[in-house]
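The shown structure was predicted, so the numbers you read here are calculated from the model rather than taken from an experiment. Labels below follow one simple rule: chain letters A, B, ... track the order of the sequence lines, proteins then strands, and each chain is numbered from 1. In what follows, every heavy atom counts, from backbone to side chain, and hydrogens, waters and symmetry copies are set aside.
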Amino acid sequence: MDYFALLAINGLVIGLIYALMAAGLTLIFSVLKVVNFGHGTLYMLGGYASYYAITYLGVPPPAGVVLAMVALFAFGVVFERLVLHPMYTNKVERKDEYAIIVTFGLTVLLLNLGIVVFGPFSKSPPPFLAGALIAGPLIITYDRLIAAIAAIVLLSALSWFLARTSLGQALDAVSQSRESAAVIGINPRRMYTVAFGLGSALAAGAGALIAPIFALSPNMGELPAVQAFIIIVLGGMGSVGGSIVGGILLGVVEGLGVGFFPDPNRALAYTEAFGALLLVFTLLVRPTGLFGRPHARLE
Amino acid sequence: MTRSHAVQAVLLIAALALPAWAGPYWVHVGAIAWYYALLASSWALLAGYAGQFSFAHVAFAALGGYASALLSLHFGIPPGIGVVAGIVLAMVAGALIGWLVLRLTGPYLALFTLALSEIFRLMLVAEQQLTRGSLGLQVPGWFGGESDRPYYYFGLSLLVAALLLMAGLLRTRVGLFLRAIRDDEGAARAAGVNTTLYKILVFVVTSGLAGLAGTYYGPFVGILTPSMVILPEMGLVIAMAVIGGIESLPGAAVGAVIVYGLSELTREYGQWRFVLLGLALILVQRFAQNGIFAVLERPLLRPPAVEAERGRG
Amino acid sequence: MDEAEFFAADGLSKHFGGIIAVDGLSISLSRGELVGLIGPNGSGKTTTINMVAGALRPDEGTIRLRGVTMTGSPAHVFARGGVARTFQVPRLFRRMTVLENLIVPALSNPAARRAEAERRAGEVLSFLRLEHLTRSLARALSGGQQKLLELGRALMLRPSLLLLDEPFAGVHPQLLAQIMEHIGSLNAGGHTIIVVDHNIDAIRSLVRRTVVMAQGRKIADGPSEDVLRDPAVIRAYTGARDAH
């Protein structure tokens with residue numbers, strides 16, 4: 001039983017990281033109506049940005065996380081301005097395809113740039129705090145604990161920001177209707193930029209928090225990105241709250257799932273496939289997601 | 001567009017003549033390039049013409065390749081029949097996928113096919129008794145001898161046949177309906193087009209061609225591995241088609257040959273080539289959505305005429 | 001076949017989640033009729049058009065055209081069966097030429113030949129006075145020209161029943177007059193037409209019979225002059241306006 005409690009706690013920590021990823025992806029999707037296929041590489045960049053800030057600039061680890069988020073916010077803003085922006089003009093005819101191709105192109109670019117610049121081998125930043133919390137039979141490293149707490153703080157801050165600040169409400173207004181938002185004086189294009197920057201920063205925060213727990217490698221973003229896709233589809237493509245709950249649930253289920261497979265070889269392959277299967281079935285049954293509002297597609 | 005036909009004829013002659021003056025290395029490269037050109041051009045039909053942005057295209061190639069190889073291996077079926085069976089299986093799977101994704105569009109379709117492709121790859125890895133997993137499945141060659149020339153010419157003829165088949169299909173009303181579906185599916189239905197039928201049809205045709213590419217690739221390379229289905233492979237095919245022109249089937253095929261040829265020419269730059277590929281993918285999509293060849297011809301023709309003609313293929 | 005039964009929608013209902021968009025609506029038309037369908041925003045007009053065009057399957061009710069039950073068939077079967085429609089905001093094949101836009105519906109009939117389809121497209125274009133745009137891309141057309149082209153695309157189906165969803169919305173007065181003239185001459189030529197619009201003046205001068213919907217139900221149906229004076233209709237409109 002203790003074994004499963006431990007798995008559940010570790011799953012919860014990973015789930016919070018997934019939730020950060022998924023919240024950023026959802027923010028981008030709900031405001032821009034774009035699925036960011038480059039989200040995993042932004043997470044990777046965040047991890048490395050934090051690593052280099054800590055090891056080369058000598059900043060303390062928490063400041064490394066903040067710096068990574070700021071850097072990736074700036075990166076997201078620039079990418080949105082330079083590459084995604086033409087989507088909102090009449091120059092781009094196939095908008096869905098355009099967004100998939102350029103964000104997927106971003107993945108190809110950054111993943112390989114990561115391999116060239118950071119090297120294919122994994123790197124580990126120093127821990128936030130060495131040691132572990134021991135509560136009876138449960139052992140949880142301080143790094144996991146800190147990552148979990150930081151993720152909760154970031155998610156709470158995001159929720160507060162979206163609900164209570166005028167910028168957050170402007171983002172929400174644009175996500176509900178571009179036209180109505182424009183009517184009440186909100187510039188949707190500025191909100192697209194803000195949303196993409198924030199989404200990138202959240203991915204970076206997730207990557208920077210996970211870095212001391214798992215090592216950094218250029219392809220570290222692939223699995224969490226797939227998980228984030230699953231979560232936003234389950235969560236209804238556009239509900240930030242749904243994506244947070246979905247992320248935590250998926251992390252816990254995944255964490256516990258490892259405990260149940262007897263054959264390790266197939267188990268490994270099929271645990272990965274499990275998430276993909278979940279995605280496939282959700283899209284088939286409810287293209288708008290399990291928690292999404294049912295909206296009739298009018299012709 | 002007779003000028004473009006002339007260009008295509010010149011390219012075909014150059015491709016036919018290449019083994020006469022290039023060394024065996026480039027013949028080998030060319031034979032692999034035909035595999036990618038088959039995939040890129042059929043994907044362009046699926047994604048560019050019909051608007052079905054699928055990430056599962058390379059999975060159909062692997063399905064065709066593995067199925068024909070396994071049938072020969074386990075049941076002693078002659079390779080020719082194995083190839084046909086592999087292609088038919090890919091077409092049946094294509095019909096099934098086409099039917100499943102009828103309600104999905106844009107990013108939903110992309111995510112669905114991405115996940116499906118990933119499941120298929122993991123099955124290839126996990127079912128080791130059947131597929132030999134990551135070790136790879138040995139496939140006996142078709143032609144004896146050391147030379148790659150038979151494969152080169154065989155692959156080239158497959159490519160030309162596939163391009164002619166697709167061009168022929170697009171010249172019929174099917175081409176018109178596919179573009180109508182891409183532009184507005186609901187309006188196409190309101191105009192009397194059986195969108196269900198044509199969407200499934202385009203999946204069947206393009207999956208069959210991808211399966212064909214896979215059945216050719218296996219015997220030539222001698223081994224099939226699950227890495228045929230990894231996302232970077234699909235990314236390569238997408239980049240080839242986008243760079244060559246996602247709405248021009250010959251453009252996508254030439255794009256594939258150029259991208260693959262350049263990547264072989266610049267081998268010493270290693271991973272940097274893929275950095276450039278990602279950058280090229282973004283830049284071409286950003287500044288030349290109809291591919292690099294459309295940019296090259298633009299000054300020669302009036303823009304509206306280019307677009308109208310291009311649309312017609 | 002009973003002439004009064006040329007087209008009959010009987011007891012149509014449609015729910016979206018908990019919202020009832022259309023609630024037990026019945027309309028029947030005789031051949032060659034020109035009927036206006038009006039109602040405040042959210043009264044269910046577009047949902048009705050979508051059901052009659054086969055784009056939405058009604059939860060309840062039946063649709064019959066010339067005695068044939070169409071209910072439950074896919075939209076393209078409705079279209080080939082003679083129900084043609086336009087959309088509130090034109091939905092053209094934007095990256096195809098004007099001519100190609102027109103021959104798609106014609107060629108959706110497997111027996112049709114391309115040369116014949118192009119000849120008929122030429123006729124439709126000259127009727128709409130758009131011949132000069134034959135080879136243009138649809139997306140290059142002005143808003144008004146797009147509306148006309150969409151009407152033309154519907155005509156290419158040789159429709160028994162033409163559904164026009166807000167043909168006057170967002171068009172300038174000169175074009176409005178032209179579209180009204182087209183609708184009038186199509187009706188005079190024997191087409192049966194339902195026009196949905198907000199422009200009460202245009203409806204009043206165009207159609208003899210008007211159906212009014214409010215909150216998913218039919219609240220009036222009869223000669224336009226009587227219906228538009230009906231206190232219940234006026235209340236539905238002003239009430240809806242108050243609620244905004």
Item checked: Worked verdict on V104(C) versus R173(B) for side chain to side chain contact (heavy atoms under 4.5 Å, CB included) -> CA-CA 8 Å; V104(C) 166; R173(B) 66 187 72 191; over 6 Å; no
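- Judged purely by atom type and a 3.5 angstrom limit, R80(C) uses its side chain to pair as donor or acceptor with the backbone of G192(B).
- Atom NE2 of residue H76(C) and atom CG of residue N194(B) lie 3.5 Å apart, to the nearest 0.5 angstrom.
- No donor-acceptor pair under 3.5 Å is formed between the side chain of D184(B) and the backbone N or O of L92(C).
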Item checked: Criterion side chain to side chain contact (heavy atoms under 4.5 Å, CB included) on L107(C) and F177(B), from CA distance to verdict -> CA-CA 9 Å; L107(C) 292 178; F177(B) 292 165; 4.0 Å; yes
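- With rounding to the nearest 0.5 angstrom, the CG atom of D183(B) is 8.0 Å from the CG atom of N101(C).
- For chain B, the nearby part of P110(C) is the backbone; its heavy atoms alone come within less than 4.5 Å.
- Most heavy-atom pairs under 4.5 Å with chain C, from the set A188(B), A180(B), A190(B): that is A180(B).
- No more than 12 heavy atoms of other residues, nucleotides or ligands sit less than 6.0 Å from atom CZ of R158(C).
- In plain terms, the two heavy atoms of R91(C) and G186(B) that are nearest each other are NH2-CA, 3.5 Å.
- The distance from the CZ atom of R189(B) to the CZ atom of F78(C) is 13.0 Å, given to the nearest 0.5 Å.
- In this view, E181(C) and R129(C) satisfy the side chain to side chain donor-acceptor pair (under 3.5 Å) rule, not counting sequence neighbours.
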